[in-house]
Undergrad: 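Below you will find the structure I want to go over with you.
Computed from heavy atoms alone, side chains included, the values below leave out hydrogens, waters and symmetry copies. Just so we're on the same page: letters track the sequence lines, and every chain starts at 1.
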Amino acid sequence: MTRVGVVVFPGSNCEYDAASAMGMLGATAELVWHSTTDLTGYDAIILPGGFAHGDYLRPGALARFSPVMEAVGRFANDGGAVLGICNGFQVLTEAGLLPGALQKNRGLTFLCQPTTLIVTSQASVLTSQATLDQELVIPINHFSGAYTCDDATYDELVANDRIVLTYKDNPNGSRGDIAGIANERGNVVGLMPHPERAMSTLLGSDDGQVLLKSFLTAPVASLAL
Amino acid sequence: MNYSVIVDVSLRQGIADPEGATIERALPALGFYGVTDVKAGKSFRMMIDADSEAEALERATALAERLLSNPVIEDATARLSGVHAS
Amino acid sequence: MNYSVIVDVSLRQGIADPEGATIERALPALGFYGVTDVKAGKSFRMMIDADSEAEALERATALAERLLSNPVIEDATARLSGVHAS
Amino acid sequence: MNPPASLHGALGLSDDEFEEIRVVLGRDPNHLELALFGVMWSEHCSYKSSRLHLRRLPTTGPHVLVGPGENAGVIDAGDGIAVAIRIESHNHPSAIEPYQGAATGVGGILRDIFTMGARPLAVMDPLFFGELTDARQRWLVEGVVSGISGYGNSVGVPTIGGELTFDDCYSSNPLVNVLCVGALPKERLVLGIASGIGNLAVLLGSRTGRDGIGGVSVLASAGFSGDDAGAGDDAKRPSVQVGDPYEEKRLIEACLELLDCGYVVGIQDLGGAGLVCATSETAARGGVGMDVDVTAVPLREQGMAPYEIMTSESQERMLAIITPENLDAVQALCEKWEVRASVVGRVVEPVIGSDGVARAMLRIRDGFDGEILANVSASALADEAPLYDRPRERPTDLDAVHADDPTFDEPVGSPNDDALDLLVDPAWVYRQYDSQLFLNTVVGPGRDAALLRLAGPGLPASQRGIALSTDSNPRWCALDPKLGTALTVVEGVMNLACVGATAKAVVNCLNFGNPEHSEVMWQLSESIDGMTDACNDLGLPVIGGNVSLYNESAGADIDPTPVIGLLGVVDELVAAPPGWNWRAGDSLVLVGARHADGERPFPLAGSRWATRRGRRGGTLGSPEREALHATLDFVTREVASICAGGVSDVTAVHDVLGGGLVTAIAEMAAVTNIGAVLDEFEAHGELFSEFPGRFVVATSGVEAFARRAVAAGVPVAVLGTCGGDALIIGSTINLSVEEITARREGALVDALEATN
Ligand SMILES: Nc1ncnc2c1ncn2[C@@H]1O[C@H](COP(=O)(O)OP(=O)(O)O)[C@@H](O)[C@H]1O
Ligand SMILES: [Mg+2]
């Protein structure tokens, strides 16, 4: 059975939600405290949403220095599947594991609302099982979700099919409507929307399942890379 | 010696500044005219224990670049603040 | 004349500064020692079209106190920035 | 107000209260002791003006585990899960610094909940401001909402509902109430009680600074000078507190883990009156003494005096009573969460006085074995503030107000415009709140009541759901505080019925004016009687509340604003309730007595429609009792069966309240984006009358539905059919869904973006 490590920084708050979503899909999820330096034994790693270190200074700015992040970096370099959701995405960009940065929303307010995402690439551990141009209804829940990067980076993302999810109706001013991106190998993915909040129609949508199912089959896939 | 240092962090040229833009839009309604190019930034004050101004500045600059700013979108500069010197 | 003005906004004496305190607590772990009294503040740069330095400063100060800060918890000061003067 | 001559006067104590203190002590108090009494005997901490009246509320029930008086009320929700709930006001701090005032209000209410051992699962925020045509009101709204958003989202507790009311009576005295609900395994319930001679009092969390020194008496117990930049406010400014949601988040996790490990014998949050309140209350409840070492309290600022340390309202602090053996384990656990933990107190034997009576004394010392700086009976501080039966007087002009009833006004102007004027979508507010964390939110903000799965980290598995609603009707209560409050309780139960929940308990936040005004005391007393009547009639216990007095500006009291919080339970929650979305072809049915009791079928007094036209007089209408009860039970059962997974012809349910029948139907049309065609109403008044007891139900099988209703003794009337792209009511109302949606969604945003 797939063993997923869900990293917990002080101030994280979506760790239980991420873990329960993994459980729903038949994986075992374990909470990994941010002081951990060794991630061997895990098949995949999730950096969950929340406010690591209170989001003080900048979202992810202090979390990137937590001991666990070096281990996450090694795990990623070895081809392991790493998923950063919301605050986790912000941490991954601050840590340099994904390019660009996430700025305050265009409207300068926090936004918690459903959004319609478009699958724009299957070349990632998060979208491998989704179909191209598929529309997914998944909520966002952030203050700083406007993806920003320089032209060179943007062209590189486009050229290498690394923009994996875009907003149908851009809520926050993200460059190129970007909702999620992957690294070159596609084994590290960050997205602002919360697939773990879209696992059941009782709560409004189960469109997040296809993404997290892809992610769980990733360990195999990423070895193949 | 204890030096009082200020690190100014501002958005890099060409990076969108919705905060500054919003303030600028609001100004005329409040009776402030002829104010343009409003840019929102951050500043951090701190005391640094160092042997010389040069060392204090050097360490403040390192801190500013490694931690207090995100080079992807921000510029940071450190300065000694005469005012708050202790 | 167009004056480049900087408004610094900082928390008033005695008001808790969780952000500054959190950053300060994190520094040793990042290898920065001898840094104390970290205070997080905001700064706003703007161009003000005025007839004199004095007028520019006066209007910046009014703007700082009425819009950019809440005197209940924050101090705001305006200064001309030689650097960015146009 | 001319400056008080004496020190005790400056500390907010009357001459009589000062005498009382001298009697209690049998000597003159020293300055520190006087300061302790000053904060503990303030209106805010002692409820000295309201307590006599609050005693009339019904507070018991078989499922009530903890009633009023503790940090939060607790009920047994079944499946081994207890649910804790509490509501608080943070009105005056929010008027001075809206962001931090609201943020620290959220922080405070969360601590009340996890003090009970419960994990906070949801917050609601009833808000009241002046009209948005005033720029300062827009600043207040944006500040308060971003404060709740900034703190609540970061600390990791979803905000799932609230209220939003605009009326000029709040223009320099906004109301910011915050409700929090949490859940815990039943057996983990803990109380704020100190026990075990030799046990230690450990202060957890933030360092102590000069935050809100005297804040309780100054901020919460003093009226405001009319102009907001007045000198009076300047004097209050230094005591503004800043919230740190990151500290609170770590504090929550650390405290819940301490409780899981069984390291804690008692725990108490530090709120108003800070350390003196926490230590005297825990000691008084446990009937034990407490020695407090002021020098052991970690400080944020140098040179703080003992009275500052003892009364500081620095945020994000808790006091845990532990056994000495557990100290190392407690400190290790707190280190993991980066939470400061310092032993500041010791539980000691009560002292036998010269009269032979044993007294639990609170002793403030300079070092545990050092000089005794203050030595006062803990219960004198915590429980023995003088209670006042302040003069009460029915307002002399009330008869004239009642006589001026808008119910029979000639309908002038266009009903279409009136209908559009009443539509407000609060989405701009609640979009800024994380309303989904913990994956429990089945119905979030924006509907009649919020509905959550009863689940959370560390809770036993359950299929149940809990429903929450907050309601208030200041305009009703201004006309008749007793009936207005009673009907507001009914509104809450109606809100719950819409999501299939059975009401289990009530909490309330009584926001009133100056208790030294006899009319205000009359309103307060009447309101409490009304709540008592309604709760008795509906079999509901009141398990907690909060009283906020002195809500006035320049001598003008606010409308009486009792905020009623309802907690309900859905026994089996496997499917979402119908909500507001009907389908083309459905029949629209009015469920419940179509006419108000008495000779006025459609009373308009206190309605939003009448208020908007400045018609603020008249007498309230109410539903006939038998029909009301039958209707509440019927709607609750119908929806509950759907939540339990049953098939039903019911496709949409909405209560008829604020704005009346036309507003309810327009709201449904807007969210569904499908119109409806209805027969002419009986009278113009039926469009806007707000008397409770009615629901709009959309059904795909009107005959079957009507049969069930009639069998349950519930009156029903078929209003029309869903479909088309316009809302049409006879020849009176004809509005395109597009226009309804645009006006509804634009109302708040446009008002906030106005630039005058
Ligand atoms: N301040 C607020 N915060 C969060 N949700 C709110 C707020 N104000 C209103 N809402 C939500 O909007 C919906 C409508 O509110 P309201 O007009 O008070 O409804 P009602 O009149 O039926 O009680 C409710 O679900 C309420 O929870
Ligand atoms: Mg309501």
Side-chain angles (χ1 to χ4, degrees), chain A residues 8-21 23-24 31 33-35 48-57 59 62-63 66 86-87 105 107-115 138-144 171-172 193-206 208, chain D residues 119 142 145-146 148-160 244-254 336-339 427-446 451-453 455-458 465 573-577 579 643 645 749 752:
Chain A
V8 183
F9 302 96
S12 299
N13 61 32
C14 297
E15 66 271 28
Y16 294 107
D17 298 1
S20 85
M24 274 183 68
L31 302 185
W33 189 237
H34 72 127
S35 58
F51 291 71
H53 298 270
D55 270 7
Y56 286 130
L57 191 51
L62 295 171
S66 278
C86 196
N87 193 229
N105 297 344
L108 295 176
T109 64
F110 191 98
L111 288 177
C112 176
Q113 64 188 49
T115 59
I138 295 180
I140 56 168
N141 187 72
H142 59 250
F143 198 117
S144 299
N172 56 19
H194 285 261
E196 85 281 12
R197 293 187 178 194
M199 295 293 289
S200 139
T201 51
L202 179 63
L203 302 183
S205 166
D206 60 1
Chain D
R119 173 174 288 277
E142 281 168 3
V145 170
S146 53
I148 291 162
S149 165
Y151 197 103
N153 298 348
S154 173
V155 77
V157 179
T159 301
I160 58 165
D244 181 358
Y246 177 50
E247 181 77 38
E248 179 107 333
K249 168 67 174 172
R250 283 160 21 239
L251 197 53
I252 292 174
E253 300 304 332
K336 170 194 166 190
W337 287 106
E338 299 172 32
V339 166
W428 178 88
V429 173
Y430 61 71
R431 254 202 315 266
Q432 299 186 46
Y433 304 150
D434 179 348
S435 56
Q436 303 172 321
L437 189 68
F438 301 134
L439 309 183
N440 289 338
T441 310
V442 175
V443 178
L451 179 61
L452 303 177
R453 296 165 59 238
L573 178 56
V574 298
C643 292
V749 180
L752 284 167

Undergrad: With sequence neighbours left out, what residues match D/Trp337 under ring-ring contact (aromatic ring centres under 6.0 Å, His included)?
TA: A/Trp33
Undergrad: How long is the gap from NZ on D/Lys336 to OG on A/Ser35, to the nearest 0.5 Å?
TA: 8.5 Å
Undergrad: Tell me, out of D/Ser146, D/Pro457, D/Gly150, D/Ser154, who's got the most heavy-atom pairs with chain A below 4.5 Å.
TA: D/Ser154
Undergrad: Give, as side chain, backbone, both or neither, the part of A/Phe143 having an atom under 4.5 angstrom from any heavy atom of chain D.
TA: neither
Undergrad: Do you see a donor-acceptor pair shorter than 3.5 Å between the side chains of D/Tyr433 and A/Asn141?
TA: no
Undergrad: Got a list of side-chain donor-acceptor pairs under 3.5 Å for residues 436-445 of chain D, not counting sequence neighbours?
TA:
residue	atom	partner	partner atom	Å
D/Gln436	OE1	A/Arg197	NH1	3.2
D/Asn440	OD1	D/Arg453	NH1	3.1
D/Asn440	ND2	D/Ala455	O	2.6
D/Thr441	OG1	D/Ser435	O	2.6

Undergrad: Relative to chain D, which of A/Ala19, A/Gly204, A/Pro139 shows the most heavy atom pairs under 4.5 Å?
TA: A/Pro139
Undergrad: Testing the basics here: between D/Arg250 and A/Pro10, what is the closest heavy-atom pair and its distance to 0.1 Å?
TA: CD-CB, 4.0 Å
Undergrad: Tell me, side chain or backbone of A/Ser200 under 4.5 Å from chain D's heavy atoms, or both, or neither?
TA: neither
Undergrad: Non-hydrogen atoms of chain A under 4.5 Å away: do they reach the side chain of D/Val145, the backbone, both or neither?
TA: neither
Undergrad: Against chain A, label D/Glu338 side chain, backbone, both or neither, depending on which of its atoms sit under 4.5 Å from a heavy atom there.
TA: side chain
Undergrad: Could you tell me which portion of D/Arg431 (side chain, backbone, both or neither) has an atom closer than 4.5 angstrom to a non-hydrogen atom of chain A?
TA: both
Undergrad: Measure up the D/Tyr246 and A/His53 rings against each other and bin them: parallel (under 30°), tilted (30 to 60°), perpendicular (over 60°).
TA: tilted
Undergrad: Quick one: CG on A/Asp55 to CG on D/Asn153, what's the gap to the nearest 0.5 Å?
TA: 10.5 Å
Undergrad: Can you tell me which of A/Gly50, A/Gly54, A/Ala52, A/Gly49 forms the most heavy-atom pairs within a distance under 4.5 Å of chain D?
TA: A/Gly54
Undergrad: Name the option with the most non-hydrogen atom pairs under 4.5 Å to chain D; the candidates are A/His194, A/Gln113, A/His142.
TA: A/Gln113
